Student: 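Have a look at this one.
All of these numbers come straight from a predicted model, not from anything done at the bench.
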Amino acid sequence: MDKLKKDTVYYHLPGLFEFYELYCVFLPLYREHREYFYDWCEIGSVYGAPADCIWGGGRVGGGDCSPQEILALMREYGISARLTFSNSLLREEHLSDKKCNTLCTLFSELQGKRNGVIVHSDLLLDYLKRNYPKLYFVSSTTKVLTDFEELVNEIKRDEFLYVVPDFRLNKAWGKWNTLSQNQKEKVEFLCNECCWFGCRERKLCYEAVSRKNLGENCPDHRCMAPDAREGYRFSKAMENPGFIGTDDIKNIYLPMGFNNFKIEGRGLGSALILEFLLFYMTKPEYQLHVREKIYLDAMLDLF
């Protein structure tokens with residue numbers, strides 16, 4: 001990967017497959033009107049997975065556009081593409097899946113920025129390392145590493161270029177300052193999680209998604225969090241003790257030596273993804289300009 005710029009924030013955005021149409025409109029705007037956007041941030045990657053990928057995890061994938069079109073778009077704008085293959089329940093027989101292997105072959109082609117895979121399973125990681133060494137690997141937040149020492153051990157693993165901690169460690173600033181600069185550059189904070197801060201069933205929730213992606217007949221995970229029926233609300237995420245906003249990023253994390261920040265949202269609608277792009281990347285005085293240009297594009301169905 002390219003050397004990180006010291007004073008630059010790299011956002012890792014959701015919906016590589018799921019929100020392809022939105023990025024087809026947003027990325028030209030981002031390039032042609034760079035003055036609309038903060039000069040201290042860039043797009044580090046876009047991540048996601050198409051429907052019917054048994055290696056998928058975290059969320060059930062979506063989107064029906066071709067991976068060739070997606071890769072062409074990312075290459076045109078010099079952005080790394082990441083496959084979200086964070087299924088936690090994979091077995092040896094799943095490794096031969098044709099669709100997932102074909103995607104890895106395509107994403108391994110070195111044309112432009114190097115592409116990556118977000119993984120949970122060590123079984124899959126070992127397989128990918130052997131068969132697709134041109135890809136880089138990201139340790140998934142679905143591991144729910146809430147113990148800081150366990151997280152440090154994960155960061156120390158040479159296999160991973162980035163590690164995404166559980167969001168409940170986001171504000172453990174005293175502990176984060178104990179890392180070396182090289183270790184800090186591997187940390188990718190999840191900014192906008194809406195999950196209940198006191199949740200004890202996060203792993204079970206992710207396992208239910210993994211079973212669905214494997215095609216197993218299983219019930220949905222029943223979330224017991226307060227207000228779970230409301231679903232995702234950005235306003236509620238902002239009240240979460242683990243929420244990271246732009247002021248936190250600029251005034252706390254960046255001066256501490258952290259550059260990488262992940263925005264969640266693959267399972268949400270494109271209108272809400274646009275709100276994330278406005279909040280995290282767009283100068284307030286230009287947010288209406290961006291909204292108008294996006295909403296007036298007749299190709300997009302944002303609701």
Student: Apply side-chain contact (heavy atoms from CB on, under 4.5 Å) to Val163 and Val187, showing your working.
Tutor: CA-CA 5 Å; Val163 175; Val187 177; 5.9 Å; no
Student: Quick check: do Glu264 and Pro14 have side-chain heavy atoms less than 4.5 Å from each other?
Tutor: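 Sidechains of Pro14 and Glu264: no contact.
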Student: Using 30° and 60° as the class boundaries, would you call the ring planes of His289 and Tyr36 parallel, tilted or perpendicular?
Tutor: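 Ring orientation, 0 to 90° scale: tilted.
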Student: Ring centres under 6.0 Å, that's the criterion: do Phe258 and Phe189 meet it?
Tutor: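 Yes, the ring centres sit under 6.0 Å apart.
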Student: Quick one: do Arg291 and Glu275 satisfy salt bridge (charged side-chain N to carboxylate O under 4.0 Å, His left out)? Show the steps, please.
Tutor: CA-CA 9 Å; Arg291 273 198 188 92; Glu275 291 305 311; 2.9 Å; yes
Student: Measure the shortest side-chain to side-chain distance between Asn115 and Leu106 over non-hydrogen atoms and say whether it is less than 4.5 angstrom.
Tutor: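 No; the side chains remain at least 4.5 Å from each other.
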Student: Just how far is it from atom CG of Leu169 to atom CG of Leu145, taken to the nearest 0.5 Å?
Tutor: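 Going from CG on Leu169 over to CG on Leu145, the span is 8.5 Å.
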Student: Name all residues meeting the side chain to side chain donor-acceptor pair (under 3.5 Å) criterion together with Gln68; count only those two or more places apart in sequence or in a different chain, and write none if there are none.
Tutor: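 Result, side chain to side chain donor-acceptor pair (under 3.5 Å) vs Gln68: none returned.
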Student: Nearest 0.5 Å, please: how far is OH in Tyr162 from NZ in Lys186?
Tutor: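 Interatomic distance, Lys186 NZ to Tyr162 OH, rounded to 0.5 Å: 10.5 Å.
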Student: Classify the angle between the aromatic ring planes of Phe243 and Phe279 as parallel (below 30°), tilted (30 to 60°) or perpendicular (above 60°).
Tutor: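 Phe243 vs Phe279 ring planes: tilted.
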Student: Can Trp176 and Tyr253 be counted as having a side-chain donor-acceptor contact under 3.5 angstrom?
Tutor: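 Side chains of Trp176 and Tyr253: no pair found under 3.5 Å.
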Student: Can you label the angle between the Phe26 ring and the Tyr23 ring as parallel, tilted or perpendicular, going by 30° and 60°?
Tutor: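 Ring orientation of Phe26 relative to Tyr23: perpendicular.
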Student: Would you please test Phe37 and Tyr30 for ring pair (Phe, Tyr, Trp, His ring centres under 6.0 Å) and show each step?
Tutor: CA-CA 7 Å; Phe37 304 94; Tyr30 179 71; 5.1 Å; yes
Student: Could you check if a side-chain atom of Ile294 sits within less than 4.5 angstrom of a side-chain atom of Leu22, using non-hydrogen atoms only?
Tutor: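 In contact.
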Student: Are the side chains of Trp55 and Cys104 in contact, using a 4.5 Å heavy-atom criterion?
Tutor: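 Yes; the side chains approach each other to less than 4.5 Å.
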Student: Show me the donor-acceptor pairs, under 3.5 Å and distance only, between side chains in residues 244-251 and residues at least two apart or in other chains.
Tutor:
from	atom 1	to	atom 2	distance (Å)
Asp248	OD2	Gly245	N	3.0
Asn251	ND2	Asp247	O	3.2

Student: Scan side-chain atoms only and decide if His120 and Ser88 contain a donor-acceptor pair under the 3.5 Å cut-off.
Tutor: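 There is no such pair between these side chains.
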Student: To the nearest 0.5 Å, what is the distance between CD (Gln183) and CG (Leu151)?
Tutor: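 The CG atom of Leu151 is 10.0 Å from CD of Gln183, to the nearest 0.5 Å.
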Student: Side-chain contact test, heavy atoms from C-beta onward, threshold under 4.5 Å: evaluate it for Leu190 versus Ile263 and give yes or no.
Tutor: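 No, side chains not in contact.
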Student: Measure across Lys293 and Val25 and return the closest heavy-atom pair with its distance rounded to 0.1 Å.
Tutor: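 Scanning both residues, the minimum pair turns out to be O-CG1, 4.5 Å.
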Student: Would you say Asn259's side chain and Tyr10's backbone share a donor-acceptor pair under 3.5 angstrom?
Tutor: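 No.
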Student: Is the shortest side-chain N to carboxylate O distance from Glu109 to Arg75 below 4.0 Å?
Tutor: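 A salt bridge is present here (some side-chain N lies under 4.0 Å from a carboxylate O).
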Student: Look at the rings of Tyr280 and Phe234 and say which category their plane angle falls in: under 30° parallel, 30 to 60° tilted, over 60° perpendicular.
Tutor: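 Plane angle between 30° and 60°, so tilted.
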Student: Check the pair Val138, Val119 against side-chain contact (heavy atoms from CB on, under 4.5 Å), reporting the backbone distance first and the verdict last.
Tutor: CA-CA 6 Å; Val138 181; Val119 294; over 6 Å; no
Student: In this structure, would Met238 and Leu268 fall into the same cluster of hydrophobic residues linked by side-chain contacts under 4.5 Å?
Tutor: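 Linked within one cluster.
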Student: Using the rule given for side-chain contact (heavy atoms from CB on, under 4.5 Å), can you reason through Thr178 versus Val152, listing the C-alpha separation, both sets of side-chain angles and the distance that settles it, and then say yes or no?
Tutor: CA-CA 10 Å; Thr178 65; Val152 171; 5.8 Å; no
Student: Between Glu154 and Arg157, does at least one N-O distance fall below 4.0 Å, as a salt bridge requires?
Tutor: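 Salt bridge present between Glu154 and Arg157.
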Student: For residues 38-48, which residue pairs qualify under side chain to side chain donor-acceptor pair (under 3.5 Å), counting only residues two or more places apart or in two chains?
Tutor: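 The answer is Lys5-Glu42, His12-Ser45, Ser45-Arg82.
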Student: Which heavy atom of Ser139 sits nearest to which heavy atom of Phe160, and what is that distance?
Tutor: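 Answer, listing the atom of Ser139 first, then Phe160: N-CD2, 3.5 Å.
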Student: Around atom NZ of Lys134, are there more than 12 heavy atoms of other residues, nucleotides or ligands at under 6.0 Å?
Tutor: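 Not more than 12 within 6.0 Å, no.
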Student: Tell me whether Thr141 contacts the main-chain N or O of Pro165 through its side chain, where contact means a donor paired with an acceptor under 3.5 Å.
Tutor: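 Yes; judged by distance alone, with no hydrogens or angles, the pair exists.
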Student: Hey, any chance Ile155 and Phe148 share a hydrophobic cluster, counting ILVMFWY side chains that come within less than 4.5 Å of each other, even indirectly?
Tutor: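 Yes, Ile155 connects to Phe148 through the hydrophobic network.
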Student: Can a salt bridge be assigned to the pair Asp97 and Lys99 using a cut-off of 4.0 Å between side-chain N and carboxylate O?
Tutor: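 Judged by the 4.0 Å cut-off on N to carboxylate O distance, Asp97 and Lys99 do not form a salt bridge.
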Student: If only side-chain N and O atoms count, and only distance matters, is there a donor-acceptor pair under 3.5 Å linking Asn101 with Tyr132?
Tutor: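 Note: Tyr132 and Asn101 side chains meet the donor-acceptor criterion.
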Student: Between Glu18 and Arg266, does any side-chain N to carboxylate O distance fall below 4.0 Å?
Tutor: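 Yes, charged N to carboxylate O under 4.0 Å.
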Student: Is it true that Lys283 and Glu285 have a side-chain N and a carboxylate O under 4.0 angstrom from each other?
Tutor: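 So Lys283 does not pair with Glu285 through a salt bridge.
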